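Here the structure is a predicted model, which means the values were calculated and not measured. Order of listing sets the numbers, starting from 1, for every ligand and every atom in it.
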Amino acid sequence: MKVITTVEQLKQELAPLRLSGKSIGLVPTMGALHEGHISLVTRARRENDVVVVSDFVNPTQFNNPTDLATYPHTEEADRLKLEEAKADIMFLPSVEEMYPEPDTRVFNLGTVAEVMEGEKRPGHFNGVAQVVSKLFAMVEPTRAYFGEKDFQQIAVIRSMVELEGFKLEIVACPIVREADGLAKSSRNVRLTPDQRAIAPIIYRVLRASLEYAKSHSVAETTQWVADRINDFPFMDVEYYQIVNGDTLLPIESWEETNHIVGCVTAYCGDVRLIDNIAYCKPQNA
Ligand code: PAF
């Protein structure tokens with residue numbers, strides 16, 4: 001595996017491969033790689049001739065300076081994991097390399113970027129669109145891989161791709177979980193042992209809500225999920241919304257769509273965790 005730190009070298013490396021018709025799979029990451037990321041790399045490896053993994057903590061998508069300052073950097077461990085997963089290129093640029101000039105672009109990403117995380121983290125999705133559009137322009141991938149834990153992010157990236165006219169396939173990959181159900185996240189290492197023991201309650205409640213939803217309305221289910229999670233120590237739900245999985249707008253009744261997703265953001269202590277679950281339309285709805 002090659003570790004490349006400059007855009008010029010990255011382009012030089014990829015141009016002949018692209019010209020000879022090789023497919024290129026890109027896995028954008030912010031490093032601190034865990035099994036969730038590696039599952040994306042493994043899938044990209046299976047589906048492409050060349051696999052590029054970017055490892056870049058993108059400052060423009062952090063609306064909270066403490067979150068940026070405390071974001072884990074584990075480049076050497078990341079490199080070893082990517083070698084093992086048989087990536088071809090690890091792209092490890094500096095902030096100056098990615099942003100030689102401040103990126104002042106403002107993307108009109110539509111309502112998918114305005115609700116939920118868009119509302120709670122102003123500017124976050126614009127920063128994601130900035131860095132991902134730069135990566136797409138540099139790598140010109142055939143396919144790019146993203147985890148469904150960041151369900152809204154995938155919708156936002158699809159919107160950016162349409163806006164910018166990128167020709168590639170966005171591949172959404174299933175959430176990878178710890179044995180106790182907690183969604184794998186680079187933030188999990190910041191949980192204290194006591195918090196780590198409680199955090200799987202998020203997914204346990206989401207799962208239980210699939211049953212609860214069969215005999216309750218969307219509003220009742222929404223409230224029930226937030227209340228059940230908040231029953232536990234350390235837990236504080238920032239929002240739980242049951243949305244149309246295409247528009248990301250909240251639904252009012254189970255009949256509205258077949259694509260129904262419940263999206264949660266909850267603090268466990270001061271660690272902000274997100275997760276989501278798909279609902280089947282209840283039979284009697
Ligand atoms: O999901 C992430 O890790 C980041 O938002 C991404 C897509 C790598 C952009 O920095």
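Ionic pairing of Lys11 and Glu8 is not present here: no N-O contact between side-chain nitrogen and carboxylate oxygen is shorter than 4.0 angstrom.
Ile277 and Val115 end up in different hydrophobic clusters when Ile, Leu, Val, Met, Phe, Trp and Tyr side chains are linked at under 4.5 Å.
Among pairs with a residue in residues 84-95, those fulfilling salt bridge (charged side-chain N to carboxylate O under 4.0 Å, His left out) read Arg45-Asp88, at least two apart in sequence or across chains. Judged as a salt bridge (charged side-chain N to carboxylate O under 4.0 Å, His left out), the pairs with a partner in residues 193-206 (not counting sequence neighbours) are, in order, Asp180-Arg196.
Between Thr5 and Glu97, the side chains place no donor N or O within less than 3.5 Å of an acceptor N or O (distance only, hydrogens not considered).
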One pair per line, please: each N/O atom of ligand 1 matched with every protein N/O atom under 3.5 Å away, atom names first, then the distance to 0.1 Å.
from	atom 1	to	atom 2	distance (Å)
ligand 1	1 (O)	Gln153	NE2	2.8
ligand 1	5 (O)	Gln61	NE2	2.9
ligand 1	5 (O)	Gln153	OE1	2.7
ligand 1	10 (O)	Gln61	OE1	2.6

With a 3.5 Å cut-off and sequence neighbours excluded, list the donor-acceptor pairs that the side chains of residues 162-169 form with protein atoms.
from	atom 1	to	atom 2	distance (Å)
Glu169	OE1	Arg143	NE	3.3

